[in-house]
S.K.: 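Below you will find the structure I want to go over with you.
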Amino acid sequence: MSGSYVPVLQAALARIDTGLAGDPSPELLIERAQLLAVLGRTDEALNQYAAVLTNEPSHLEALTAVGTLLLGRGQAELARTFLCAAIARDPGHAPALANVGCFELLGGRLDAAGRAFEAALRIDPTLPLAHRGLGDIAQRRGDAAATALHRERSRCCRPLTTSQYIGAGPPLSVLALSTTACGNIVTDQFFDNRVVLLSSLAVDQADSATPQPPHDLVFNTISDADLCSAELATAAAIVGRSSAPVINHPAAVAATGRAANARRLAGLEGVAAPRIRPVRRADLTGPRGAAFIAERGFDFPLLVRTPGFHRGAHFVKVDAVQDLSGAVAPLPGDVLLLIEFLDTRDADGLLRKHRVIIVDGQLYPVHLAISRHWKVHYFSADMEARAEHRAHDAAFLADMERTLGSAAVAALGQIAATLDLDYGGIDFAIDRLGRVAVFEANAAMVAALPNADACWNYRRAPIRRIRGAVRAMIRRRASGLPRAAVNGQAATADGSRQTFNDDAGGVLLRRSLGC
């Protein structure tokens, strides 16, 4: 869609507004919301759907539309609320079931995701989203035949899709490389269709010879080196045929597997990186499991996880040798990661996990999660119930260097320079020696907005800053400007316009469902 369509769309919106003055029917409100979404006014579209749901909480089309929009924006928990409400309204609604499957898959709950995708296919056997989901599950479980089957059945989708551009002038054309499997950066808030004409190429449904649309910039959104090694190789070949600047070159992303990162980050000054070694499952569960571990210099407690998962999925702590077989048994896959356990507890017994995002050479604080459990994630840590924990979080966001110390921030700068990513992130703690203890460092990092509760107001501006920085990077790099050198300092750039969950709309949506 070219910018010349904008007056037509605006005229249609004006006609709907005139009609609503005499007939505020749900049908017209839905039509208005759909038109707002096409115009790129997603916040207003969501609020319009909320108005429909306030009067008719079980409106199927509104529930599904809100759930899909929120899931695409990375607001998975809130999206699930609306998708499940749509399924309760109509258990035979295949798209809502498939989107619930995507939510479960994002959390690593493969069995629940599989049930949702299979339920969707019983209703619509050709639904591409459900087949892609089952293909991803099969890939993670090492079932090559099922992976190939479902990927083939999902290929009714075109490998290349182009978004609707509604800007007034010539667009900035971006080619985004992705995969139909999980393992992509959540980029919905990075591309404004009033500025960017976005073409998305699913590399696992293409090859290096697939024709490329005209583009000013390539943005590789494939982010998980452990899960998507083959797709990253294809992406690298595609990038090799383009003369445009590249954000997150596939070769740089491919080097960020957990084991590879552990090796190259371990030698950095002020950094503690755990030893990580890929091993065969049979070597851990066999009769020589304890000897195998000792021969490789590991001791208990230690960590074991299946590569290619996030959010703590398929990740266990083994405290003693007698617990090894039982702990490893539920983990999927024949290759597992043996990980040295870094004890980063403070004197009060609490564990603190920080996250920073790297954008074009700058470091942006995202959050500080505080918990008593060894597996620390912001979504599961006791932050909402503990005002004192949120105060520490707010202090980290307000002044990262003062919170961590200049030496730790300099170490983070070294890590960022070593990763060589234009967009990425680092999850870490500060150990008792003042070192940056790295838990994860790659492109598969999200800076998600919190829910609409006022207790999270302090977190909204930092997230907007990151999203604005990415949009600014896209413009700069498309203009041919090089990446800024990593300087080991926190960025202070302002973000761009406010997003949906920053206003009362989030509260309105929740209230429309009574939550």
S.K.: Counting N and O atoms only, with roles assigned by atom type, does the side chain of N261 sit under 3.5 Å from a partner on the main chain of T256, one being a donor and the other an acceptor?
M.R.: yes
S.K.: Answer yes or no: is there a side-chain heavy-atom contact under 4.5 Å between L110 and L105?
M.R.: yes
S.K.: When you compare the side chain of D393 with that of Y458, does any pair of heavy atoms fall below 4.5 Å?
M.R.: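 Heavy-atom side-chain distance check passes, below 4.5 Å.
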S.K.: Starting from the C-alpha separation in whole Å, work towards a yes-or-no answer on side-chain contact (heavy atoms from CB on, under 4.5 Å) for V203 and I222.
M.R.: CA-CA 9 Å; V203 303; I222 305 170; 3.6 Å; yes
S.K.: With a 4.5 Å heavy-atom cut-off, do L175 and L217 have their side chains touching?
M.R.: no
S.K.: Report yes if the side chains of V239 and P250 come closer than 4.5 Å at any heavy-atom pair, otherwise no.
M.R.: yes
S.K.: Under a 4.5 Å cut-off applied to non-hydrogen side-chain atoms, are V436 and I415 in contact?
M.R.: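 V436 vs I415: side chains touch.
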S.K.: Show the nearest heavy-atom pair for residues A96 and A86, with the distance to one decimal.
M.R.: CB-CB, 4.2 Å
S.K.: Is it true that the side chains of Q362 and D360 contain a donor and an acceptor less than 3.5 Å apart?
M.R.: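 D360 and Q362 do not have a side-chain donor-acceptor pair below 3.5 Å.
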S.K.: Hey, can you tell me if H354 and F396 have their rings parallel, tilted or perpendicular (30° and 60° cut-offs)?
M.R.: perpendicular
S.K.: Counting only N and O atoms by type, is there a donor-acceptor contact under 3.5 Å from the side chain of R264 to the main-chain atoms of A255?
M.R.: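 Confirmed, R264 side chain pairs with A255 backbone.
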S.K.: Hey, does the side chain of E440 reach the backbone of G425 with a donor-acceptor pair shorter than 3.5 angstrom?
M.R.: no
S.K.: If the threshold is 4.0 Å, N to carboxylate O, is there a salt bridge linking D192 and R471?
M.R.: no
S.K.: Which of these passes side chain to side chain contact (heavy atoms under 4.5 Å, CB included) with T221: I247, N248, N184?
M.R.: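 Going through the options one by one, the only one that passes is N184.
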S.K.: Does a donor on one side chain and an acceptor on the other come within less than 3.5 Å for S199 and H215?
M.R.: no
S.K.: Out of curiosity, I276 CD1 to R305 CZ, how far, rounded to the nearest 0.5 Å?
M.R.: 8.5 Å
S.K.: Where is the tightest heavy-atom contact between A98 and A120, given as atom of each residue plus distance?
M.R.: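 Scanning both residues, the minimum pair turns out to be N-CB, 4.0 Å.
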S.K.: So, does Q414 use its side chain to make a donor-acceptor pair with the main chain of E269 at under 3.5 Å?
M.R.: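 Yes; at least one donor-acceptor contact below 3.5 Å.
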S.K.: Report the C-alpha separation of R435 and I430 in whole Å, then their side-chain angles, then the decisive distance to 0.1 Å, and conclude whether the side-chain contact (heavy atoms from CB on, under 4.5 Å) test is met.
M.R.: CA-CA 6 Å; R435 300 175 301 177; I430 304 299; over 6 Å; no
S.K.: Which value, rounded to the nearest 0.5 Å, describes the distance between F439 atom CZ and R258 atom CZ?
M.R.: 11.5 Å
S.K.: Roughly how far apart are C228 SG and D136 CG, rounded to 0.5 Å?
M.R.: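 Separation between the atoms: 8.0 Å.
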S.K.: What is the ring orientation for F219 with F190, classed by angle as parallel under 30°, tilted 30 to 60°, or perpendicular over 60°?
M.R.: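 The arrangement is parallel - the two ring planes meet at less than 30°.
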S.K.: I'd like to check V356 versus V366 (side-chain heavy atoms, cut-off strictly below 4.5 Å). Are they in contact?
M.R.: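 No, their side chains stay 4.5 Å or more apart.
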S.K.: If we ignore hydrogens and angles and just use 3.5 Å, is the side chain of D216 paired with the main-chain N or O of S173 as donor and acceptor?
M.R.: yes
S.K.: Is it true that a side-chain atom of Y423 and a backbone atom of M445 form a donor plus acceptor pair closer than 3.5 Å?
M.R.: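 Pair found, side chain donor or acceptor close to backbone of M445.
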S.K.: Got a second to check how far F117's CZ is from C102's SG, nearest 0.5 Å?
M.R.: 4.0 Å
S.K.: Is the side chain of S163 donor-acceptor paired with the backbone N or O of L198 at a distance under 3.5 Å, no angle test?
M.R.: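 Side chain of S163 to backbone of L198, a donor-acceptor pair under 3.5 Å: yes, one is there.
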S.K.: Is the closest side-chain donor-acceptor distance between D420 and T418 under 3.5 Å?
M.R.: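 Not at all, the side chains of D420 and T418 share no donor-acceptor pair under 3.5 Å.
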S.K.: L172 versus L197: any side-chain heavy-atom pair under 4.5 Å?
M.R.: no
S.K.: Please report the closest heavy-atom contact between L97 and A116, naming both atoms and the distance.
M.R.: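 Result for this residue pair: O-CB, 3.5 Å.
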S.K.: Roughly how far, to the nearest 0.5 Å, is the CG atom of L149 from the CG atom of L134?
M.R.: 9.5 Å
S.K.: Please report the closest heavy-atom contact between A225 and G257, naming both atoms and the distance.
M.R.: CB-N, 3.5 Å
S.K.: Suppose the criterion is ring pair (Phe, Tyr, Trp, His ring centres under 6.0 Å): which pairs have a residue in residues 234-274, not counting sequence neighbours?
M.R.: none
S.K.: If I take atom CZ from residue R32 and atom CD1 from residue I30, how far apart are they, to the nearest 0.5 angstrom?
M.R.: 12.0 Å
S.K.: For a side-chain contact (heavy atoms from CB on, under 4.5 Å) check, start with the C-alpha distance between H367 and K353, then their side-chain angles and the critical distance, and finish with the verdict.
M.R.: CA-CA 8 Å; H367 61 232; K353 186 168 82 170; 5.7 Å; no
S.K.: Would you name the heavy atoms of D399 and T403 that are closest together and state the gap between them?
M.R.: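 Of all heavy-atom pairs spanning D399 and T403, the closest is O-OG1, 2.9 Å.
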S.K.: Ignoring hydrogens and geometry, is there a side-chain-to-backbone donor-acceptor pair from R355 to V446 under 3.5 Å?
M.R.: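 Yes; at least one donor-acceptor contact below 3.5 Å.
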S.K.: Report yes if the side chains of V253 and N442 come closer than 4.5 Å at any heavy-atom pair, otherwise no.
M.R.: no
S.K.: Given W456 and I463, is the side-chain contact (heavy atoms from CB on, under 4.5 Å) satisfied, shown in steps?
M.R.: CA-CA 11 Å; W456 302 119; I463 303 304; over 6 Å; no
S.K.: Work out which heavy atom in P307 is nearest to a heavy atom in L336; give both atom names and the distance.
M.R.: CD-CA, 4.3 Å
